[in-house]
Amino acid sequence: YRKANMPWLWYREDQADDIIENDVIPTLYKSGDFLQLVAAKYSVEGEFVGYVDVTQGELQVCKKPKKELRNVFRFGFQTNNEVSRGILGCDFIICTLYYIYLEYTANGNKRLLAVPVMIRNYEDRLGERVNEEDDKNLWQLVRRFFLVDRVAGFEDSDDDTWVAHYARKMSLHIRLQEAQGQGRIFTPYLEITYEAVTYEQALNDEYTSASFAVYYTMPVDGVQQDLTIAIGVISALATVITAFQTSTWMRRQGLLAIECASLLKFCVILCGNLASGFFVSILGFALWWFIFYKAQDSMYIVPTDDANYIITAYLASAFVLGFIDIVHLVFNQVTADVFLIDWEKGQTRDKHAASKEGAPSAFRTVFVANEWQEIQTLRKITPAVTLILLVGVLVFGEVQNLARFDNNAVSGDDPRGDYSLVFRFALGAVLYMGIAVLQWLLYLVLWSRFKEHAIYNFVDLCSMCNVSVFIMTHAQYGHYVHGRSIHGRADVDLKRMAEYLNREQEDLCSDRGLVPGSSQQTFEVFVPRKLRAEYQRITQAPPPRHSSASRLSVDLEQKLQAYTVLNQFLQCYIDHNLKNINYRVVDRSLYEKILDTEIIQDFNSGFFYIDHGHSFDRALFYGQERRLLLFNILTFCLMDLITSNFALAAFLTFLLDEVTWRVRQAIGRSNISKKTLIDDAFLL
């Protein structure tokens, strides 16, 4: 590499890759071991000054406590020390030339291995910066370097045009030999980027920054290939599931052939499935890094920049896909057809005119409509509470320190490694899911049983108000809440209402269910095409040709007329009083329950599927908790990777969730008014 009796200044060209890939070091490093680095110091005149221990901060322009400077060289401890200081504050640094070595033991003897230096902004004889290329064979490695050059840029001590150079960035790169055994490394190299300082900058005492970092890398081709295979398999599975879900959607829409709407539906459903698939894949990828890095004794696994890029790229993709899925979810819910069937009959005006009935009160229907609006955005978990607990655990509980490049237990004010993007994602996602699931279980086991269950309460309210709810999320598919009162009337005084409740409590009356002898009040429905056509004909009927004597507007009068006709029509359908339009109450088969589909042979027949629960909550946020929770987690993790601040990420996640909630509530209110034919002035 050099001529005899001449200083070793540089390595031969086109051999940088061979030098860096040299596996001559036999030492098996364990977590917590220190890299023994020494430097030979020479004056600018070439006089040998001596050997110094690099781990004591000799090469770090940024002076910090010795313990912190020494921890930089602890094996596996990845960090970046950076400070800013005035240029005049660097005057104490003497221009010194360094040769750096790694000390190791082989066959019982201590040896020194020359550590090559790669100057990032080095220019060759042709003026090309070959060290900025990705191809390592083009690099020009050298042996000698300096921290501050206060000689070459000075022609005269009184000259005010001098230029000095200093080491702006220094980073020691250590590559693990994954294939050769745990704890072994290739030949490390030192990367330096120099920066010039002019006389004017020094005169103004401008601030400059200097940094010293240690980076660990490892071959990730195998891990990356495994992730690629996992993503491919999950994507293929998501495509198959999406195709099946799209066929179910077409059946529920009454479509017999593939159309543009079917292809668009396939794409948006695929977005949601891919978002889930990407999240599961990269979470498993990140947990693999996190668990094995923290558990290893001899260092052989460390997250790299490639791993950070993979996590960031797939997480951003999953967030975009998840956002499309949430927009799709909100759109479906705010465009669903909702109608309130009022079973109440008119009240007799006096005992002498038994056949004359007054119109029933409308406040019961308005009450149910307002309650439906209120539970639109109800969720099993409260995002604000989840985020507050998450920040409390991560920040105030200092659990976030587990996301650092340090697999040793460090407490108090001891120096810590830098944060890893992979570890931050794994820790944030797992804790978010853990807290959310815990809150979910507490809601289902305690709150909904001993405090209130808003969905069941809504069904009870419908029964007390003598109002049923007909929800059509698709052209021929939807949900039905049977709220017909078993007492015949609901518009009664408090005494009569108490008597009704007492009779039910003492089992002195029939059950509330749609089918006699059954208490089942909620159903999934598949309606005939004739019913859907008649439904649309009534709701889209033209205004009356002749104006009535009423002072109501034509539009309002049309709404009231359509409401009355549609109310009677649906009552007749529920009571099996329509000719050629009927339905059957059936149980789903096991196949239909598992795959959430219907096996329909005759699209002109109606079916009421007993759901044994409250399937109508799918038209609400309450029944879409998994999709909403996934989007919250994706938002939080992506915001954290962008800001590197768990508290700020939680705040931004809360803001986005609040915007989603308000948009769903506002547009849903308008849809309720439009579809129930109740003026929005009555909706609170």
How long is the gap from [atom1] on [X] to [atom2] on [Y], to the nearest 0.5 Å?
X: Arg484; Y: Gln521; atom1: CZ; atom2: CD; answer: 13.0 Å
X: Ser247; Y: Leu255; atom1: OG; atom2: CG; answer: 11.5 Å
X: Phe367; Y: Leu340; atom1: CZ; atom2: CG; answer: 13.0 Å
X: Gln333; Y: Leu620; atom1: CD; atom2: CG; answer: 6.5 Å
X: Ser615; Y: Ile455; atom1: OG; atom2: CD1; answer: 11.0 Å
X: Ile633; Y: Met433; atom1: CD1; atom2: CE; answer: 5.5 Å

Salt bridge or not between [X] and [Y]? Use side-chain N to carboxylate O under 4.0 Å.
X: Asp657; Y: Arg662; answer: no
X: Asp596; Y: Arg252; answer: yes
X: Arg529; Y: Glu534; answer: no

Indicate whether any N or O donor in one side chain lies under 3.5 Å from an N or O acceptor in the other, for [X] and [Y].
X: Thr653; Y: Thr635; answer: no
X: Ser589; Y: Glu592; answer: yes
X: His612; Y: Asp587; answer: yes
X: His453; Y: Asn457; answer: no
X: Arg584; Y: Ser605; answer: no
X: Glu504; Y: His487; answer: yes
X: Tyr432; Y: Thr386; answer: no
X: Gln665; Y: Thr377; answer: yes
X: Gln520; Y: Asp611; answer: yes
X: Gln571; Y: Asn577; answer: no

[Y] and [X], any side-chain heavy atoms less than 4.5 Å apart:
X: Ile486; Y: Asp511; result: no
X: Ile678; Y: Ser673; result: no
X: Phe278; Y: Leu321; result: yes
X: Phe636; Y: Leu431; result: no
X: Leu283; Y: Val430; result: yes
X: Arg664; Y: Phe621; result: yes
X: His482; Y: Thr522; result: no

With distance as the sole test, does [X] use its side chain to make a donor-acceptor pair with the main-chain N or O of [Y] at under 3.5 Å?
X: Gln536; Y: Ala533; value: no
X: Ser468; Y: Ile341; value: no
X: Lys265; Y: Gln245; value: no
X: Asn567; Y: Asp342; value: yes
X: Gln624; Y: Arg618; value: yes
X: Asn671; Y: Ala336; value: yes
X: Gln439; Y: Ile381; value: no
X: Arg489; Y: Lys345; value: yes
X: Ser276; Y: Gly272; value: yes
X: Asn466; Y: Ser485; value: yes

Do [Y] and [X] have ring centroids that are under 6.0 Å from one another?
X: Tyr477; Y: Phe526; answer: no
X: Phe458; Y: His614; answer: no
X: Phe319; Y: Phe631; answer: yes
X: His479; Y: Phe523; answer: no
X: Tyr573; Y: Tyr583; answer: yes
X: Phe339; Y: Tyr563; answer: yes

Distance-minimising heavy-atom pair for [X] and [Y]:
X: Cys572; Y: Leu578; answer: CB-CD2, 3.6 Å
X: Ile581; Y: Pro528; answer: CG2-CG, 4.2 Å
X: Leu390; Y: Gly428; answer: CD1-O, 4.4 Å

Do Arg588's NZ or CZ and the ring of Tyr609 fall within the cation-pi criteria of under 6.0 Å and 45°?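 Flagged: Arg588 positioned over aromatic ring of Tyr609.
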Does Lys380 count as lying over the ring of Tyr622, i.e. NZ or CZ under 6.0 Å from the six-ring centre, within 45 degrees of the axis?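 Judged by the rule, Lys380 and Tyr622 form a cation-pi pair.
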Verdict with reasoning, Tyr480 to Phe608, per ring pair (Phe, Tyr, Trp, His ring centres under 6.0 Å): CA-CA 8 Å; Tyr480 174 67; Phe608 276 44; 5.6 Å; yes
Other residues, nucleotides, ligands: >12 heavy atoms within 6.0 Å of [X] [atom1]:
X: Phe244; atom1: CZ; result: yes
X: Ile258; atom1: CD1; result: no
X: Phe682; atom1: CZ; result: no
X: Leu494; atom1: CG; result: no
X: Lys530; atom1: NZ; result: no

Pair Arg669, Glu374 - check salt bridge (charged side-chain N to carboxylate O under 4.0 Å, His left out), show working. CA-CA 9 Å; Arg669 181 177 184 273; Glu374 183 177 338; over 6 Å; no
